[in-house]
Amino acid sequence: MPLRIAATAELATLLVLFTNLATVHSPVVASAIGPVHGCSYLFVIVLAIREARSAGTRAAALIPGVGGLLVLRRLATERRRGRAS
């Protein structure tokens, strides 16, 4: 559950930052949302390292924006395969 929250926050804040960059380019928005994005990105990496078994899943966390969602998908696949074995 914490990984899902961090992954969603990472993607949402990245979208806000890109939208701000493409439209008004407000420094206030960038300075408020930028650190939130950075923290959620780091949380995704730490949680992925803690929860994932494979190196590929851990490496997926390093992709900014969608890495957390990729990790969630790969973890679900790992868990399904673990139950099937």
Side-chain angles (χ1 to χ4, degrees):
M1 184 68 158
L3 180 57
R4 184 172 306 281
I5 294 169
T8 304
E10 178 190 7
L11 179 60
T13 55
L14 186 64
L15 291 174
V16 169
L17 287 170
F18 280 145
T19 302
N20 178 50
L21 185 64
T23 58
V24 295
H25 194 55
S26 171
V28 174
V29 173
S31 64
I33 301 298
V36 176
H37 172 70
C39 287
S40 60
Y41 178 61
L42 291 176
F43 281 139
V44 165
I45 293 170
V46 169
L47 292 170
I49 289 170
R50 197 178 84 182
E51 294 182 25
R53 299 279 183 241
S54 72
T57 303
R58 291 176 178 166
L62 299 174
I63 301 170
V66 296
L69 298 176
L70 293 173
V71 168
L72 287 170
R73 184 175 176 157
R74 291 179 63 115
L75 284 175
T77 303
E78 285 179 8
R79 289 180 182 131
R80 276 195 307 270
R81 287 185 181 160
R83 283 188 221 142
S85 300

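None of the values given here were measured: they were computed from a predicted structure.
To the nearest 0.5 Å, atom OG of residue Ser40 and atom CD1 of residue Ile5 are 12.0 Å apart. Going from atom CG of Leu15 over to atom NE2 of His37 covers 10.0 Å, rounded to the nearest 0.5 Å. Atom CD in Glu78 sits 4.0 Å away from atom OG1 in Thr57 (nearest 0.5 Å).
Using a 4.5 Å cut-off on side-chain heavy atoms (C-beta onward), Asn20 and Ile33 make no contact. Here the side chains of Arg74 and Thr77 are not in contact, with every heavy-atom distance at 4.5 Å or above. The side-chain heavy atoms of Leu17 and Leu21, taken from C-beta on, include no pair separated by under 4.5 Å. Considering only heavy atoms from C-beta on, Leu75 comes within 4.5 Å of Arg79 through its side chain.
Here the shortest heavy-atom pairing between Ala48 and Val71 reads CB-CG1, 3.8 Å. Listed here is the closest heavy atom pair of Ala30 and Pro35: O-CD, 4.1 Å. The minimum heavy-atom distance between Leu70 and Ala60, with the atom names listed, is CB-CB, 4.2 Å.
A donor-acceptor pair under 3.5 Å links the side-chain atoms of Tyr41 to the main chain of Leu62, judged by distance alone. Without hydrogens or angle criteria, Arg4 side chain to Leu72 main chain gives no donor-acceptor distance under 3.5 Å.
Under a hydrophobic-cluster definition in which Ile, Leu, Val, Met, Phe, Trp and Tyr are linked whenever side-chain heavy atoms come within less than 4.5 Å, directly or via other members, Leu42 and Val16 are assigned to different clusters. Leu47 and Leu69 fall within a single hydrophobic cluster, where Ile, Leu, Val, Met, Phe, Trp and Tyr are joined by side-chain heavy atoms under 4.5 Å apart, directly or via other members.
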